[in-house]
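Remarks on the structure that follows.
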Amino acid sequence: MKKRLLSMFLAFAMVGASLAGCGEPSEQVDEPVSSSETTVETTVDSPVAGKKVAYVMLLPSATIFQMWKDSCAEICDKVGVQFEFFFCDGDFNKWQDTIRTCASAGYDGLLVSHGNQDGSYVFLKEITEQYPDLKIVTFDTQFYADGEYKKLPGVTQMFQQDKSLVTVLLDEMVDEFGEGARLIKVWRGPNYVSPFDRREVGWQEYEKAGKIVTVGEVQPLEDSIDSANTVTAAYLQSLKRDDVDGIVAYYDLYGQGVFNAIKENDVFNGSNGDALPMASVDIDPVDVTHMKDDGNIWIASGTTDWNLNGEIAMRLLLLELAGDYDNIYDPATDKKGVDVVEIPGTAIKSSELKADSTIENLDAIAGETYYNLDYLSEADWLPKDLLH
């Protein structure tokens, strides 16, 4: 097996994340403000009516995070809960300051997203100790300290099932090229961010089982399209088309750079023989456009349903607010009363996209693990069909 590293791994912590592509904030609130002037009318007999909650995202705004925010707002409106949201521009200090300010301002619950693995546990532990009545649900936030993973009592952790986000893509490659499919991996290496490490579990399982062969690794120097494009373009110069079957990127922003590198290379873009297929984890509107424009190159994206994710997460927080922990449901294990919830991944295939397909209506073409209402936690006062 041949391994090539085109860039040295830079061991610095960044925004710990699912690392879906991020755009400019469509709405930005620098300081949490009271929404006491907002009148919210509940449509159900709600034990949480009148509570105040916030969604605090470490990353800048992006289409998928706006979809998340909107579904949070919709379910909160149904149960009479006041809702605010804050995007923190990838600034961990701002994320911490926003959470601290919300807690001191009397918010009843916080849905906090993409916390840095290196500091989130210590920080949130302090918050829960200082504000014991505050309910917290985290998304894509590992609790890690003193060389081991931790728990915070009363705090529910929600994740995309990162392993499956990769394996659904590897399945596509194996279906196309058979066992032993020769693949290039695009990521930032171990111990960079926890979602990458969680995704690597799926890759290693398939490699050890002989389902795939790792031709090499490409490691962007920065989390940007340009960096992924530069290092992938250089790597492809060292290969013959017959050396490799496909490329898998652990982050869709990397995928956009990989796509451009392939398109710019006549050996791999289909001008002379078959195009080199690629796939990526996460999805945004640009990915969908590329998949529709040239599905022979960008064949699939591994993702979860961002229209549904926000509702899934907010339901966890609402159940915490009601003291109804026994109804918190994990679709990955089919168990209730849990403190970790994982949402299985789905492969969105370019071959199944329609002319009118957008990131907002992928449920029309996706498989059963996408837009699955059975993933919703429920209670008598919080039925699954409350929004649907």
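On a predicted model such as this, the values are computed, not experimentally measured, just so you know.
- Both the sub-6.0 Å distance and the 45° axial angle are satisfied by Arg198 relative to the ring of Phe159.
- Contact between Ala103 and Leu134 at its shortest, heavy atoms only, is CB-CD2, 3.8 Å.
- With Phe85 as the aromatic partner, Lys69 meets the cation-pi criteria of under 6.0 angstrom to the ring centre and within 45 degrees of the ring axis.
- Side-chain contact between Trp381 and Val48 is present, with at least one heavy-atom pair separated by less than 4.5 Å.
- Using a 4.0 Å cut-off between charged nitrogen and carboxylate oxygen, Asp162 and Arg199 count as a salt-bridge pair.
- The shortest heavy-atom contact between Lys354 and Lys292 is O-CE, 3.5 Å.
- Leu386 has its side chain within reach of Val79: a pair of non-hydrogen atoms, C-beta onward, lies under 4.5 Å apart.
- Side-chain N/O atoms of Asn309 and Thr304 include a donor and acceptor closer than 3.5 Å.
- Side-chain contact check for Asp324 and Asn327: at least one donor-acceptor pair (N or O, by modelled atom type) lies under 3.5 Å.
- Asn269 meets the side chain to side chain donor-acceptor pair (under 3.5 Å) test with Asp266, Ser271; sequence neighbours excluded.
- Taking the side chain as every heavy atom from C-beta outward, Glu205 and Lys163 approach each other to under 4.5 Å.
- Crowding of Asn93 atom CG: a count of heavy atoms from other residues, nucleotides or ligands under 6.0 Å exceeding 12.
- Cation-pi check for Lys150 over Phe143 is not met; the charged atom does not lie both under 6.0 angstrom from the ring centroid and within 45 degrees of its normal.
- Counting heavy atoms of neighbouring residues, nucleotides and ligands inside a 6.0 Å radius, atom CG of Asp380 does not exceed 12 of them.
- Between Tyr121 and Tyr144, the distance separating the two ring centers is not shorter than 6.0 angstrom.
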